[in-house]
Amino acid sequence: MAFSSNPYGGYNAYKQIGVKTASQGKLVVMLYESAVSHIEKAIYFVDDENKIAACNIENFGNHIQKVMDIVTELQVSLDMEKGGEIARNLMSLYVYFNKELLNASISHDKKKLLFIKDMLSQLHSSWVTAASSQANTQVQSESRPALNIQG
């Protein structure tokens, strides 16, 4: 029997299955969770004087790039026709986030990163609520007996 040399192989496989079977709302929640996690990791590398140790610059940049990739993924997944004003508002926010993330990646502005993290966290909370209410609605409609109109 062959064993994987990757100690995270099982976790990664589990995570992939979770992504492949998640509802659309849950996927958005997972994207926000990842964005918040990566921005927190980037913030960790910035000191109070907006400086990053030379040995941490690459890690900082990688985490910022992952947040920008996630925001771009959220942006391209918007349905502008069906989403109406909410989709337009989210599009504006996502464009703003990526612009500010790019600026913060150059300036290492910790306050700006903390502000974006706070906004992403608030959006994450909203999506958690929306996804759970959507899931509850689906469960209720699936468990509700069919209406029988025959005498």
Side-chain angles (χ1 to χ4, degrees), residues 1-140:
M1 175 180 259
F3 290 97
S4 170
S5 61
N6 180 355
Y8 302 105
Y11 171 75
N12 289 335
Y14 174 79
K15 192 171 165 184
Q16 270 188 334
I17 290 169
V19 168
K20 289 179 181 176
T21 60
S23 68
Q24 189 174 5
K26 179 64 176 164
L27 286 173
V28 172
V29 168
M30 292 167 74
L31 286 169
Y32 276 111
E33 285 171 355
S34 186
V36 169
S37 174
H38 282 290
I39 201 165
E40 286 173 344
K41 290 173 184 173
I43 291 166
Y44 172 80
F45 294 115
V46 182
D47 68 19
D48 291 336
E49 296 174 6
N50 296 329
K51 296 192 186 327
I52 301 173
C55 62
N56 293 325
I57 290 175
E58 184 177 358
N59 283 331
F60 170 81
N62 289 339
H63 288 297
I64 293 295
Q65 186 59 55
K66 286 182 182 183
V67 178
M68 291 176 73
D69 291 345
I70 292 166
V71 169
T72 299
E73 183 64 32
L74 289 164
Q75 191 175 355
V76 299
S77 69
L78 288 173
D79 186 336
M80 299 306 289
E81 288 181 27
K82 293 180 184 174
E85 185 177 349
I86 292 172
R88 286 190 298 276
N89 290 341
L90 285 171
M91 177 64 80
S92 295
L93 268 177
Y94 296 154
V95 168
Y96 169 78
F97 287 160
N98 271 340
K99 179 179 158 245
E100 293 300 295
L101 286 163
L102 181 61
N103 290 335
S105 73
I106 296 165
S107 66
H108 307 155
D109 188 335
K110 192 170 191 170
K111 284 184 182 177
K112 192 174 285 192
L113 291 171
L114 288 167
F115 178 76
I116 295 168
K117 177 191 153 283
D118 184 55
M119 301 266 302
L120 288 169
S121 295
Q122 289 178 39
L123 286 166
H124 169 257
S125 295
S126 296
W127 276 100
V128 166
T129 302
S132 69
S133 69
Q134 178 186 21
N136 288 339
T137 302
Q138 288 174 344
V139 167
Q140 287 174 359

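Numbers here are sequence positions counted from 1. Here the structure is a predicted model, which means the values were calculated and not measured.
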By side chain to side chain contact (heavy atoms under 4.5 Å, CB included) - contacts of D79 (at least two apart): E81, K82
Partner residues of E49 under the side chain to side chain contact (heavy atoms under 4.5 Å, CB included) criterion, sequence neighbours left out: D47, K51
About how many Å separate [atom2] of [Y] and [atom1] of [X], when rounded to the nearest 0.5 Å?
| X | Y | atom1 | atom2 | value |
| --- | --- | --- | --- | --- |
| F45 | I57 | CZ | CD1 | 11.0 Å |
| I52 | E58 | CD1 | CD | 12.5 Å |
| L113 | S107 | CG | OG | 7.5 Å |
| H124 | T129 | NE2 | OG1 | 9.5 Å |
| L120 | Y94 | CG | OH | 8.5 Å |
| K111 | N50 | NZ | CG | 8.5 Å |

Of the non-hydrogen atoms in [X] and [Y], which two are nearest, and what is the gap between them?
| X | Y | result |
| --- | --- | --- |
| A131 | K26 | CB-N, 4.2 Å |
| I64 | A42 | CD1-CB, 3.7 Å |
| F97 | V71 | CB-CG1, 4.1 Å |

Test item: L123 and L90 side chains (from C-beta on) under 4.5 Å apart, heavy atoms: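 Side-chain contact under 4.5 Å: yes.
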Side chains of Q65 and M68 in contact at under 4.5 Å (non-hydrogen atoms): yes
N98 and T72: side chain donor to acceptor below 3.5 Å: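 Their side chains do contain a donor-acceptor pair, which is all the 3.5 Å distance test asks for.
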When you measure from the side chain of [X] to the backbone of [Y], do you find a donor-acceptor pair of N or O atoms at a distance under 3.5 Å?
| X | Y | answer |
| --- | --- | --- |
| S121 | K117 | yes |
| S132 | V128 | yes |
| S77 | L74 | yes |

I86 CD1: over 12 foreign heavy atoms closer than 6.0 Å: no
Whether over 12 other heavy atoms sit under 6.0 Å from Q122 CD: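 Enclosed: over 12 neighbouring heavy atoms sit under 6.0 Å from CD of Q122.
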Criterion side chain to side chain contact (heavy atoms under 4.5 Å, CB included) on D109 and N103, from CA distance to verdict: CA-CA 8 Å; D109 188 335; N103 290 335; over 6 Å; no
Test side chain to side chain contact (heavy atoms under 4.5 Å, CB included) applied to R88 and M91, step by step: CA-CA 5 Å; R88 286 190 298 276; M91 177 64 80; 5.6 Å; no
Parallel, tilted or perpendicular, as decided by the 30° and 60° cut-offs, for the rings of F60 and H108: perpendicular
Y96 and F115 aromatic ring geometry - parallel, tilted or perpendicular at 30°/60° bounds: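 F115 and Y96: perpendicular rings.
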Criterion side chain to side chain contact (heavy atoms under 4.5 Å, CB included) on V67 and I116, from CA distance to verdict: CA-CA 10 Å; V67 178; I116 295 168; 5.5 Å; no
Side chain to side chain contact (heavy atoms under 4.5 Å, CB included) assessment of L101 paired with I39: CA-CA 9 Å; L101 286 163; I39 201 165; 3.9 Å; yes
